[in-house]
Amino acid sequence: SLREHTAQSEFWEKFIDAQHLAVGLPTYDSPTVSYQEVKKDLREDESGLRARMQMTKKTLLEETGRYETLKKRQEREIEELRKKTRIDQLTQTGSRAAYEEDKVKHVKSAAEQQVCEIVPKVKQFKQQVYVIVTDVKQFSEINNNYGHPFGDRVLQEIGFALKASLMKASDELYRPGGDEFTAVIRTDNEAGAQVVAERMRKAIDSIRIKNPYYDAKATDEQGRMVYEPDDEFVRVRLNIGCSRIEAHYPVSLRGKPDTFYKEVFDRAIAYADNQAYDDKKCTGAPGKDTHRHTKRYRKMLEDDQTSAK
């Protein structure tokens, strides 16, 4: 009948479609197979296929879940590692990596302040961006006379004091390397930057670190006192230079590579470095006599040890 013919046509269409679903075709020994028999076998194969698909789907979801968990854990570990690399572990200030990475950010911030200077409505929010470059006077003498562990402690004390002297949350302090520290601050003008620089200088001038070799009763071969009372503590002083980041207007920075921003930042650093060098020539280092006395005392101790051998 027409109804049976239509039903069989729909069946064979599904039969053909099932082949695309990788349903294995049943095989028969008999040359003649009834419609009902083939239909039954295919339904059994389809049920098995659906079960396998459900199992595959379940396995895929489980594997995907494990992958997402692992991916998130790795992202957290990478972010934690990145944060650690941005911190100088000795002084807890910004590291060299953070210093290099943030150059672009600081120049863009300086460019935004250029807009504030020419737009009356936002002029009241104008804050210029300055860099303050510092290094420790005669730090090599400290390392040579007291040892590198003592030099590390000096750097730790300096880092703590400099961070405490920066009053604004937006101010940032970095240790690019060695005994050098660089602050990036936002203030109204150069006079404001000089106030911050002077506050940093005074914070370091107030540092007193116990001299590990001080002996109030030590005398030389002639019976003269080796140390003076002021030698009990080691003092430090900074060379300081300051410069404004002279950035362009934002429209002129569009499409510029990061190297361009870093060059703008480095020009400000170079100018501040020159000022710090001039400061080094104008002011002496504190504790020169302390270093000299300690050096002489250590030489006496070494000679005594040699004689004892």
Flag for T294-N211: side-chain donor and acceptor within less than 3.5 Å: yes
Short side-chain donor-acceptor distance under 3.5 Å, K295 and N145: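 Side chains of N145 and K295: no pair found under 3.5 Å.
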So, for [X] and [Y], which heavy atoms are closest and what is the spacing to 0.1 Å?
X    : Y    : result
Q194 : C242 : NE2-CB, 4.0 Å
G178 : L155 : O-CD1, 3.9 Å
Y130 : E190 : OH-N, 3.0 Å
T85  : A97  : O-CB, 3.7 Å
I158 : F181 : CG2-CE1, 3.7 Å
Q89  : K84  : NE2-O, 3.3 Å

Nearest 0.5 Å, what's the [atom1]-[atom2] distance between [X] and [Y]?
X    : Y    : atom1 : atom2 : answer
Q128 : R244 : CD    : CZ    : 3.5 Å
E77  : E80  : CD    : CD    : 7.0 Å
D205 : E198 : CG    : CD    : 8.0 Å

side-chain hydrogen bond (donor to acceptor under 3.5 Å, both in side chains): pairs with one or both residues in residues 151-165, sequence neighbours excluded: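 Qualifying pairs: none.
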Inter- and intrachain pairs under ring pair (Phe, Tyr, Trp, His ring centres under 6.0 Å), touching residues 200-226, at least two apart: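 Passing the test, one end in residues 200-226: Y214-Y227.
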side-chain hydrogen bond (donor to acceptor under 3.5 Å, both in side chains) partners of R224, counting only residues at least two apart: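 Here the qualifying residues are D220, Q222.
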Partners meeting side-chain hydrogen bond (donor to acceptor under 3.5 Å, both in side chains) with E232 (sequence neighbours left out): K210
pair R186-S109: side-chain heavy atoms closer than 4.5 Å: yes
Heavy-atom side-chain proximity of D135 to F139 below 4.5 angstrom: no
Main-chain N/O of N239 paired with T134 side-chain donor or acceptor, under 3.5 Å: no
V136 backbone acceptor or donor facing Q138 side chain under 3.5 Å: no
Candidate pair H291 and Y146, rule side chain to side chain donor-acceptor pair (under 3.5 Å), full reasoning: CA-CA 9 Å; H291 301 334; Y146 307 96; 3.0 Å; yes
Partners passing ring pair (Phe, Tyr, Trp, His ring centres under 6.0 Å) against F265 (at least two apart in sequence or in another chain):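 Checked F265 against ring pair (Phe, Tyr, Trp, His ring centres under 6.0 Å); matches are Y99.
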Heavy atoms from other residues, nucleotides or ligands near CZ of F160 exceed 12 (cutoff 6.0 Å): no
Pairs meeting criterion salt bridge (charged side-chain N to carboxylate O under 4.0 Å, His left out) with involvement of residues 169-183, two or more places apart: D88-R175, K105-E172
